[in-house]
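All remarks here apply to the structure that follows.
Source: prediction; values computed, not measured. Positions are given from 1, in the same order as the sequence printed here.
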Amino acid sequence: MALCLGAVLILLILNLFRVTCENNIPTTLEGPFIPVTIPLDKSFRGHAIDLPETDSRVQRIVKGFEPEQISITLSSTYDSVWISWITGVFQIGENIKPMNHKTVGSVVHYGKLRKPLLHKVTGQSLVYNQLYPFEGLKNYTSGIIHHVRLTGLEPNTLYYYRCGDPSMAAMSDIYSFKTMPVSSRKHYPSRIAVVGDLGLTFNSTSTIDHLTSNKPDLILMVGDMCYANLYLTNGTGSDCYSCSFPDTPIHETYQPRWDYWGRFMQPLISKVPIMMVQGNHEIEEQAENRTFASYTSRFAFPNKESGSSSTFYYSFNAGGVHFIVLGGYVAYNKSDDQYNWLEKDLASVNREVTPWLVATWHPPWYTSYTAHYREAECMKVSMEELLYKYKVDIVFNGHVHAYERSNRVYNYTLDPCGPVYISIGDGGNREKMSIKHADDPGYCPEPSTTPDQFMGGFCAYNFTSGPAAGKFCWDRQPEYSAYRETSFGHGILEVRNETHALWTWHRNQDMYNKAGDQIYIVREPERCPVEKKVNELGGIDKFKNVTFSLAGLMNNEFGLI
């Protein structure tokens, strides 16, 4: 009897750790890891080439007021999504006349059957303009942008839909999407794709081809989409701001690039939900100090559903994962609305329902590349302690045009309860790749050059302790940097259960299913408990942290057997 029980226990233990040992994939439990740098492949094309305007993937192929640039965005919970699209033709020039958005309806027909589509819902529409107070620059006005919210949806269910205005026979083809699983510690999307700094180049198309082949259920776009602000209003590219804009405080931005990007992305994001994060290339200054006009107009955001007053920061659930999107280019100090919203949102997360907590914003706090080194330090100083207090598991960033994964870290110190930071700004944009590291001899930037130009402020001082004490940069790859490589690519997050998530970074030069970097990120809720909080009754209510149990394993509760 004792022998049989021992055999059962051994079998259960083997199954428990099987998920962490597939193909000898390492886990964060084995960390912290000795830092690794993969040298640049000299044959790799670092300066991407734009898709031409004549490419069929960016040209308008619909007629009249038929919908184009169709996309899906999640709401805050599984039972609701947003459908967005554009009708009509944009105008660019000196004498433009905005369209009347009320002349075209915003209607979505949808249902669980392809035909007939039994449900109908209407939404809202708008037109935005990009205007310049300078003679010789070409103004822009968009087509009519539509946003319609579908509610009352069932979890993990395939829905069919078509959008447009049925009164003028201007409806789209029939598309489909799948809702997220119900929020639960047992249910997760199969694959979550993460991509940043994408652009619209031939390298961008390679990234999206690879990403599509990995069949994601959800896409997290961590900022810098189409890089419209790298073009003059006549469509000419401009990589040198100071050369092209010596006399004007406003940089030109060629808005048709947004339309090209929307057309290119439609085959994917009309079927797979995409969640947007603001990047610095979405700022796009214009007349009357207006910024982010295109970004906030073209996409839907679940900010109201998640209690946020701004499209720059919001949260949503995808099965047992709670995502928090933050704004690196909007006020984030402790007295600001974003910080107060973040604190409330974090306190409201029930880790028994959504065990995984993932945060994302554009400029990274932890990067060892010279490009944008310690640029977001003021944001880090303000918010890092709050994310650590509530035990955020993973942070995704872009901005730096390379790939880097950290060891678990907090306040530049290795910490088993800190998040894993992943910078993935390697989507394939037309700007140069990030190659030099701040720890390379002669490449540590001057501290005065590091603050973000848009947000301002200076918080990045010399380190006061640890291996880099008294210095602004490390003299070797920092111990918080586990793996770094300059290459184009994307990542896939597969949450297997409430403690194990497989992270895979895919490089464009490889086959789509080959891993450039791969690791199991493992949560340790017992070792790293969330702090106690006061409940509505005034008592102390500690978040319940679920542990492995013999009964749970035998019931395949964690999906390991």
[Y] backbone acceptor or donor facing [X] side chain under 3.5 Å:
X	Y	value
Ser434	Tyr369	no
Asn429	Asp197	yes
Asp415	Cys417	yes
His210	Gly489	no
Thr207	Gly427	yes

Considering only heavy atoms from C-beta outward, does the side chain of [X] approach that of [Y] to under 4.5 Å?
X	Y	value
Thr450	Pro445	yes
Pro302	Ser315	no
Thr504	Asp517	no
Thr360	Asn397	no
Trp261	Val58	no
Val222	Val195	no
Met265	Ser71	no
Asp259	Arg298	yes

Salt bridge flag under 4.0 Å for residues [X] and [Y]:
X	Y	result
Lys471	Asp439	no
Arg351	Asp393	yes
Lys178	Asp217	no

State whether a side-chain donor-acceptor pair under 3.5 Å links [X] with [Y].
X	Y	answer
Ser80	Arg149	yes
Asn234	Thr236	yes
Ser106	His146	yes
Thr141	Gln91	no
His506	His490	no
Glu375	His399	yes
Asp50	Tyr260	no
Asn280	His362	yes
Ser204	Thr201	yes
Tyr483	Glu485	yes

In Å, rounded to the nearest 0.5 Å, how long is the span from [atom1] of [X] to [atom2] of [Y]?
X	Y	atom1	atom2	answer
Asp79	Leu153	CG	CG	6.5 Å
Ser308	Ile324	OG	CD1	11.5 Å
Met180	Tyr78	CE	OH	13.5 Å
Asn333	Cys378	CG	SG	7.5 Å
Thr233	Gln130	OG1	CD	10.0 Å
Lys334	Leu386	NZ	CG	8.5 Å

Give the C-alpha distance, both sets of side-chain angles, the deciding distance and a yes or no for side-chain hydrogen bond (donor to acceptor under 3.5 Å, both in side chains) between Glu285 and Thr291. CA-CA 5 Å; Glu285 301 105 322; Thr291 54; over 6 Å; no
Charged tip of Arg430 within 45° of Tyr227 ring normal and under 6.0 Å: no
Tyr140 six-ring centre to Arg257 NZ/CZ under 6.0 Å and within 45° of normal: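 That pair does not qualify as a cation-pi contact.
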Intermediate values then yes/no, side-chain hydrogen bond (donor to acceptor under 3.5 Å, both in side chains), Glu404 and Ser481: CA-CA 7 Å; Glu404 187 167 19; Ser481 174; 2.6 Å; yes
Minimum heavy-atom separation for [X] to [Y], with atom names?
X	Y	result
Tyr366	Asn411	OH-N, 2.9 Å
Val392	Leu357	CG1-O, 3.6 Å
Met276	Val325	O-CG1, 4.0 Å
Asp345	His322	OD2-NE2, 2.8 Å
Asn139	Tyr132	OD1-N, 2.9 Å
Val182	Pro155	N-CB, 3.6 Å

Taking side chain to side chain contact (heavy atoms under 4.5 Å, CB included) as the criterion, tell me which of Ile274, Thr73, Ile70 meets it with Ile269.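 Passing option: Ile274.
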Out of the candidates Pro181, Pro216, Pro273, only one should pair with Pro189 under the side chain to side chain contact (heavy atoms under 4.5 Å, CB included) rule; please name it. Pro181
Can you tell me which residue among Trp361, Phe316, Trp356 is in a ring pair (Phe, Tyr, Trp, His ring centres under 6.0 Å) with Phe323?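 When ring pair (Phe, Tyr, Trp, His ring centres under 6.0 Å) is applied between Phe323 and each of Trp361, Phe316, Trp356, only Phe316 qualifies.
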With respect to Phe301, which candidate in Tyr313, Trp82, Tyr295 satisfies the ring pair (Phe, Tyr, Trp, His ring centres under 6.0 Å) definition?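 Only match with Phe301 under ring pair (Phe, Tyr, Trp, His ring centres under 6.0 Å): Tyr295.
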Verify the ring-centre separation between [Y] and [X]: is it less than 6.0 angstrom?
X	Y	value
Tyr388	Tyr410	yes
Trp503	Phe396	yes
Tyr373	Phe472	yes
Phe292	Phe312	yes

Starting from the C-alpha separation in whole Å, work towards a yes-or-no answer on ring pair (Phe, Tyr, Trp, His ring centres under 6.0 Å) for Tyr128 and Trp258. CA-CA 12 Å; Tyr128 83 91; Trp258 278 105; 8.3 Å; no
Working for side-chain hydrogen bond (donor to acceptor under 3.5 Å, both in side chains), residues His101 and Ser125: CA-CA 6 Å; His101 67 92; Ser125 61; 3.0 Å; yes
Over 12 non-hydrogen atoms of neighbours within 6.0 angstrom of CZ in Phe458: yes
The side chain to side chain donor-acceptor pair (under 3.5 Å) partner of Gln255 among Gln286, Lys138, Glu284 is Glu284
Does Glu431 form a side-chain hydrogen bond (donor to acceptor under 3.5 Å, both in side chains) with His281? I'd like the steps, not just the answer. CA-CA 11 Å; Glu431 291 184 310; His281 285 276; 3.2 Å; yes
